[in-house]
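Positions are given from 1 along the sequence.
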Amino acid sequence: MFSNPSFNTIGDEYDKKTAVPDRVRGKQMVTSPGKKGLVGGAFESGFKSLSLGDKYIDPGTIEKRDRMEQAKKKITPEGFRYTSPAKKSAGAGNYYGTFSEKAPPKHETEYVVVKKGELPGKLAPQPRNIFSGPAKKGTYGFAGVTLGKGDEYRYISDPYEGGRRKEVNEAKENGKRMVGPAFKGACKRIDFFDSQPNVAASRVYSLDKPLPARKPEAPKPPPVIPVPFKPSSPGKGTLGKYPEYKEDPYEAKEKAERDSQKTNRPAVTWKPVHGPKSLPTRSIAFTKTL
């Protein structure tokens, strides 16, 4: 009781080996693959070719024979004759195919060819070519590069609220020019020269003669109803009697099942043994036996 505790593993093996299952050793199923070689000669030592015993044939013999048979079918010995190409080139600077083909004009140089030992003559002054006015420096809208020489681009001051000030000044000038109040006619304002009282229309659309007076209508006597309205009587019955009321057997059966479930219902409500696990469970296949 008062001595040092002893270990429970005294006398056990240092490296205890456990049985390893076959499914983790590697190979599941081993097969014997077919040997290399021809069918029927897999177990023979030497290689046998399929062309043994065949007669040797020159590779070009069949092509030559077919070419000679096709040549016999030609109508002419030359066979198909292509069109002859152009005899001479007919490009730019050539007289082939023109009216002066046989006697082309002689080529004349643009200058006198100096012979050996002679000096070329002095060049005569020649008139200058066409003059052009080069564009002045600047881009689109730059003053001095247009036909007007820059007169159309002049600086004009634009003070702040210049348009509003101009309108105010014009209104003041117009007020000074007014002599008196605005003109107001003294005549009576009418819509038409031949207007009618209480009517905004001309007399053209009125009648020349007044309409005759309306004739008085004779009073109509009230309608007399001798018999008051009475709705028709409802139907007294049908050709046959109404069928008797019968209860639905399916509804009665459902009612009986509901009553039986209520009577046989247990007093204690069913509860699960435990709730869902929050951690994943390791598979048995990867568990090693100790």
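More than 12 heavy atoms of other residues, nucleotides or ligands lie within 6.0 Å of CG in Leu52, so this atom counts as buried by the packing criterion.
Here the shortest heavy-atom pairing between Pro59 and Glu63 reads O-OE1, 2.8 Å. Considering all non-hydrogen atoms of both residues, Glu118 and Val114 come closest at O-CG1, 3.3 Å.
To the nearest 0.5 Å, the span separating CD1 on Ile57 from NZ on Lys55 amounts to 7.5 Å. Taken from CG in Asp66 to OG1 in Thr61, the straight-line distance is 12.5 Å, to the nearest 0.5 Å.
Legend: residues meeting side-chain hydrogen bond (donor to acceptor under 3.5 Å, both in side chains) with Tyr56, ordered by chain and number and at least two apart, are absent.
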Ignoring hydrogens and angles, write down the donor-acceptor pairs under 3.5 Å from the side chains of residues 255-262, residues two or more places apart or on other chains.
from   : atom 1 : to     : atom 2 : distance (Å)
Ser260 : OG     : Ala256 : O      : 3.4
Ser260 : OG     : Glu257 : O      : 2.7

